[in-house]
Q: 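Below is one structure. I have some questions about it.
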Amino acid sequence: MKRILLTLLMMSLLFLGGCWDRTEINDLAIITGAAIDAADDNQIELSVQVFIPRALSAGRGSTSSGGNLTLVKSAKGASIADAIALLQTKIPRKIFWGHCEVFIFGEDMAKRGITEEMDFLVRHPQPRERAYMFVSKGKAAKTLELRPELERYSSEVIREMSDMHIGMLVTIIQLKEMLRGKSNAAALPLIDVMPPPNEAKELETAPYIMGTAVFRKGKMVGEINEKATRGVMWIRGEVERYTVTAKLKNVQGTVSLNPIHSDIKFIPSIRNGQWQMTIKAKTEGDVVQNGTNLDMSSPEMIKLVEKAFQQDIEDRIELALKQVQHEMKADIFDFATDFYREYPQEWKAAKNNWDDIFPNVKVITDIHAYVRRPGLVTLPGGIPEEEVREK
């Protein structure tokens with residue numbers, strides 16, 4: 001019996017792989033951010049922000065002797081895979097993508113097309129599917145070289161701003177779904193570099209989100225500013241942590257509100273050959289600042305604020321539709337999927353002509369905005385309520 005047990009024990013050792021394929025952390029080059037730029041001869045330039053472990057002082061997380069926490073390495077190649085292979089020859093550690101949370105396409109690269117690059121990022125096992133995607137004004141590699149004051153490195157600045165929903169938030173998996181979706185359009189947050197403070201060095205500044213880059217068939221076809229971006233986010237139901245400052249008609253000053261809740265619903269219809277989309281939105285907000293002479297304890301004054309709140313949202317949505325739908329003709333709102341679900345047969349017959357149909361889709365907005373909490377009530381000393389009602 002003992003011999004049988006000993007034999008079984010020895011045979012079981014054959015199935016223990018141990019740690020023969022382990023990689024020590026000291027042998028890894030940890031990538032914190034990556035930039036993909038267009039290069040000559042139809043090549044790409046891949047730049048990576050590499051974390052420097054020895055820059056950390058023991059047990060504190062601050063840099064020792066004022067050194068940088070990251071360095072930037074670049075290589076050119078026919079594709080990302082080719083550039084990575086060449087980049088590896090310049091770095092004495094094995095490149096590790098597991099901690100890379102930011103991928104940035106340069107503006108020229110985005111206009112050339114990002115489909116092949118996305119194919120690599122989706123196929124490779126290491127990049128996180130929830131890593132954030134961006135487009136930069138000018139060359140993307142410059143963004144990685146910046147040395148911000150508050151955060152440890154520039155890619156961390158961009159990630160933090162995305163988490164705050166300052167602009168659109170798009171991950172690798174979301175961008176893949178956009179590019180492969182029925183609308184064949186996509187949108188990515190657009191970043192730029194803030195001018196350095198007075199007497200500061202050129203790189204001692206930080207990036208910021210300035211708007212949205214719009215894609216059609218995998219290529220960037222234009223950009224929209226922050227105001228139009230808010231309109232896109234309202235339509236897509238992605239508005240969070242945002243302050244609406246509304247101007248009331250015939251009243252001096254403005255009222256600022258924080259939207260606390262919003263419901264968006266798309267209602268597609270096809271009548272007599274006319275494709276139509278109704279956008280129904282209901283939103284609620286709190287007054288965070290009253291810069292007018294209105295008494296917020298009055299129901300009639302609240303209605304004035306609600307009307308201005310509603311008008312501000314409608315203006316942003318109309319601006320977004322004008323620029324994206326009519327000028328760029330890119331369905332980043334994904335109307336195509338709603339028509340497909342509601343009218344599968346009509347969609348099947350018209351899907352190859354969607355690029356021509358989408359700009360002519362009639363969009364009707366039905367916005368309802370409400371003020372739920374007017375905040376601390378202060379009596380105004382200016383315009384009487386009767387005068388406001390008369391106006």
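Hydrogens, waters and symmetry mates are skipped; everything else that's a heavy atom, side chains included, is used.
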Q: Hey, does the side chain of Lys329 reach the backbone of Val324 with a donor-acceptor pair shorter than 3.5 angstrom?
A: no

Q: Run through the side-chain heavy atoms of Ile, Leu, Val, Met, Phe, Trp and Tyr, join any pair under 4.5 Å, and report what else lands in Val193's cluster.
A: Leu146, Leu203

Q: Output the distance between atom CZ (Arg373) and atom CG (Asp286), rounded to the nearest 0.5 Å.
A: 5.0 Å

Q: Side chains of Met133 and Thr171: does their closest heavy-atom pair fall under 4.5 Å?
A: no

Q: Determine, step by step, whether Thr337 and Asp334 satisfy the side chain to side chain donor-acceptor pair (under 3.5 Å) criterion, reporting the C-alpha distance in whole Å, the side-chain angles of both residues, the deciding distance to 0.1 Å, and the verdict.
A: CA-CA 6 Å; Thr337 298; Asp334 201 20; 2.9 Å; yes

Q: State the CD-CD1 distance between Glu238 and Ile264, to the nearest 0.5 angstrom.
A: 10.5 Å

Q: Is it the case that over 12 heavy atoms from other parts of the model lie below 6.0 angstrom from the CZ atom of Arg341?
A: no

Q: Quick test of your reading of the model: are Arg112 and Asp108 salt-bridged, counting only N-O distances below 4.0 Å?
A: no

Q: Regarding Lys303 and Glu300, does a basic nitrogen lie under 4.0 Å from an acidic carboxylate oxygen?
A: no

Q: Can you check whether Leu257 reaches Val305 side chain to side chain, under 4.5 Å on heavy atoms?
A: yes

Q: Look only at the side chain of Asn290 and the backbone of Thr292, and say whether a donor-acceptor pair between them is shorter than 3.5 Å.
A: yes

Q: Enumerate, atom names and distances included, each donor-acceptor pair closer than 3.5 Å involving a side-chain atom of residues 269-281, sequence neighbours excluded.
A:
residue : atom : partner : partner atom : Å
Gln274  : NE2  : Asn360  : O            : 3.3
Lys280  : NZ   : Asp366  : OD2          : 2.7

Q: Any Lys/Arg nitrogen of Glu129 or Lys176 sitting under 4.0 Å from an Asp/Glu carboxylate oxygen of the other?
A: no

Q: Just wondering, are more than 12 heavy atoms of other shown residues or ligands nearer than 6.0 Å to CZ in Phe266?
A: yes

Q: May I ask you to decide if Leu86's main-chain N or O and Thr89's side chain share a donor-acceptor pair within less than 3.5 Å?
A: yes

Q: About how many Å separate OH of Tyr153 and CG of Leu69, when rounded to the nearest 0.5 Å?
A: 7.5 Å

Q: Please determine whether side chain to side chain contact (heavy atoms under 4.5 Å, CB included) holds for the pair Met178 and Asn184, giving the CA-CA distance in whole Å, both sets of side-chain angles, and the decisive distance to 0.1 Å.
A: CA-CA 7 Å; Met178 289 183 193; Asn184 206 12; over 6 Å; no

Q: Is there a donor-acceptor pair closer than 3.5 Å between any side-chain N or O of Glu107 and the backbone N or O of Gly138?
A: yes

Q: What's the verdict on side chain to side chain contact (heavy atoms under 4.5 Å, CB included) for Ile30 and Val50, showing C-alpha distance, side-chain angles and the deciding distance?
A: CA-CA 6 Å; Ile30 299 174; Val50 185; 6.0 Å; no

Q: Are Ile364 and Leu319 linked, directly or through intermediate hydrophobic residues, by side-chain heavy-atom contacts shorter than 4.5 Å (ILVMFWY only)?
A: no

Q: Kindly determine whether Glu284 and Arg372 satisfy salt bridge (Lys or Arg N to Asp or Glu O under 4.0 Å), including the steps that lead there.
A: CA-CA 6 Å; Glu284 302 174 356; Arg372 294 307 184 198; 3.4 Å; yes

Q: Are any side-chain N or O atoms of Glu342 and backbone N or O atoms of Pro268, one a donor and one an acceptor, separated by less than 3.5 Å?
A: no

Q: Quick one: do Trp354 and Asp331 satisfy side chain to side chain donor-acceptor pair (under 3.5 Å)? Show the steps, please.
A: CA-CA 9 Å; Trp354 181 242; Asp331 183 15; 3.2 Å; yes

Q: Please report the interatomic distance CE(Met109) to CD1(Ile104), rounded to the nearest 0.5 Å.
A: 14.5 Å

Q: Report the C-alpha separation of Ser154 and Thr143 in whole Å, then their side-chain angles, then the decisive distance to 0.1 Å, and conclude whether the side chain to side chain donor-acceptor pair (under 3.5 Å) test is met.
A: CA-CA 7 Å; Ser154 57; Thr143 306; over 6 Å; no

Q: I need the minimum non-hydrogen distance between Lys219 and Gly113, along with the two atoms involved.
A: CG-CA, 3.8 Å

Q: Does a side-chain heavy-atom distance below 4.5 Å link Val214 with Met220?
A: no

Q: Donor-acceptor pair, Arg236 side chain versus Ile332 backbone, under 3.5 Å?
A: yes

Q: Give the C-alpha distance, both sets of side-chain angles, the deciding distance and a yes or no for side chain to side chain contact (heavy atoms under 4.5 Å, CB included) between Gln126 and Phe96.
A: CA-CA 7 Å; Gln126 286 188 5; Phe96 179 69; 3.8 Å; yes

Q: How about Met168 and Val232: do any of their side-chain heavy atoms sit closer than 4.5 Å?
A: yes

Q: For the atom pair CD1 (Ile317) and CD1 (Ile367), what is the distance rounded to the nearest 0.5 Å?
A: 4.0 Å

Q: Might you point out which heavy atoms bring Pro359 and Asp356 nearest each other, and give the distance in Å?
A: CD-O, 3.5 Å

Q: Treating Ile, Leu, Val, Met, Phe, Trp and Tyr as nodes and any side-chain heavy-atom pair under 4.5 angstrom as an edge, say whether Ile267 and Tyr340 lie in one connected cluster.
A: no

Q: Would the Phe103 and Phe134 ring centres measure less than 6.0 Å apart?
A: no

Q: Using 0.5 Å steps for rounding, measure from the CG atom of Asp82 to the CG atom of Leu46.
A: 10.5 Å

Q: Can you check whether Val251's main-chain N or O pairs, donor with acceptor, with Lys247's side chain at less than 3.5 Å?
A: yes

Q: If you define the side chain from C-beta out and look only at heavy atoms, does anything of Trp97 sit under 4.5 Å from Val48?
A: yes

Q: Mind jotting down which residue pairs meet the salt bridge (Lys or Arg N to Asp or Glu O under 4.0 Å) criterion with at least one end in residues 304-328? Sequence neighbours excluded, please.
A: Asp312-Arg316, Lys322-Glu327

Q: Is there a path of hydrophobic side-chain contacts, each under 4.5 Å between heavy atoms, that joins Ile36 and Ile173?
A: no

Q: Does the side chain to side chain contact (heavy atoms under 4.5 Å, CB included) test come out yes or no for Phe215 and Ile114, once each step is laid out?
A: CA-CA 10 Å; Phe215 289 76; Ile114 62 174; 3.8 Å; yes

Q: Quick check: does any side chain N or O of Gln325 sit under 3.5 Å from a backbone N or O of Phe358, one acting as donor and the other as acceptor?
A: yes

Q: Any side-chain heavy-atom pair from Phe335 and Val363 closer than 4.5 angstrom?
A: yes

Q: Please name the pair of heavy atoms, one in Arg93 and one in Leu28, separated by the smallest distance, quoted to 0.1 Å.
A: CD-O, 3.2 Å

Q: Does any part of the side chain of Arg128, heavy atoms only, come nearer than 4.5 Å to the side chain of His99, both counted from C-beta?
A: yes

Q: Could you tell me whether Glu116 atom CD has more than 12 heavy atoms of other residues or ligands within 6.0 Å of it?
A: no

Q: Answer whether the closest heavy-atom distance between the side chains of Tyr370 and Thr283 falls below 4.5 Å.
A: no

Q: State whether Lys137 and Glu223 are salt-bridged, where the test is any N-O pair (Lys NZ or Arg NE/NH1/NH2 against Asp/Glu carboxylate O) under 4.0 Å.
A: yes

Q: Are Met194 and Val135 linked, directly or through other ILVMFWY residues, by side chains that come within less than 4.5 angstrom of each other?
A: yes

Q: Quick one: closest heavy-atom pair of Ala75 and Ala83, and the distance?
A: CB-O, 3.6 Å

Q: Distance-only, no hydrogens or angles: does the Glu145 side chain make a donor-acceptor pair with backbone N or O of Leu71 under 3.5 Å?
A: no

Q: Side-chain heavy atoms under 4.5 angstrom apart, residues restricted to Ile, Leu, Val, Met, Phe, Trp, Tyr: same cluster for Tyr208 and Ile224?
A: yes

Q: What verdict does the side chain to side chain donor-acceptor pair (under 3.5 Å) test give for Thr254 and Thr245, after you've listed the backbone C-alpha separation in whole Å, the side-chain angles of each residue and the deciding distance to 0.1 Å?
A: CA-CA 6 Å; Thr254 59; Thr245 300; 5.6 Å; no

Q: Determine whether a donor-acceptor pair (N or O, by modelled atom type, separation under 3.5 Å) exists between the side chain of Thr32 and the backbone of Gln49.
A: yes

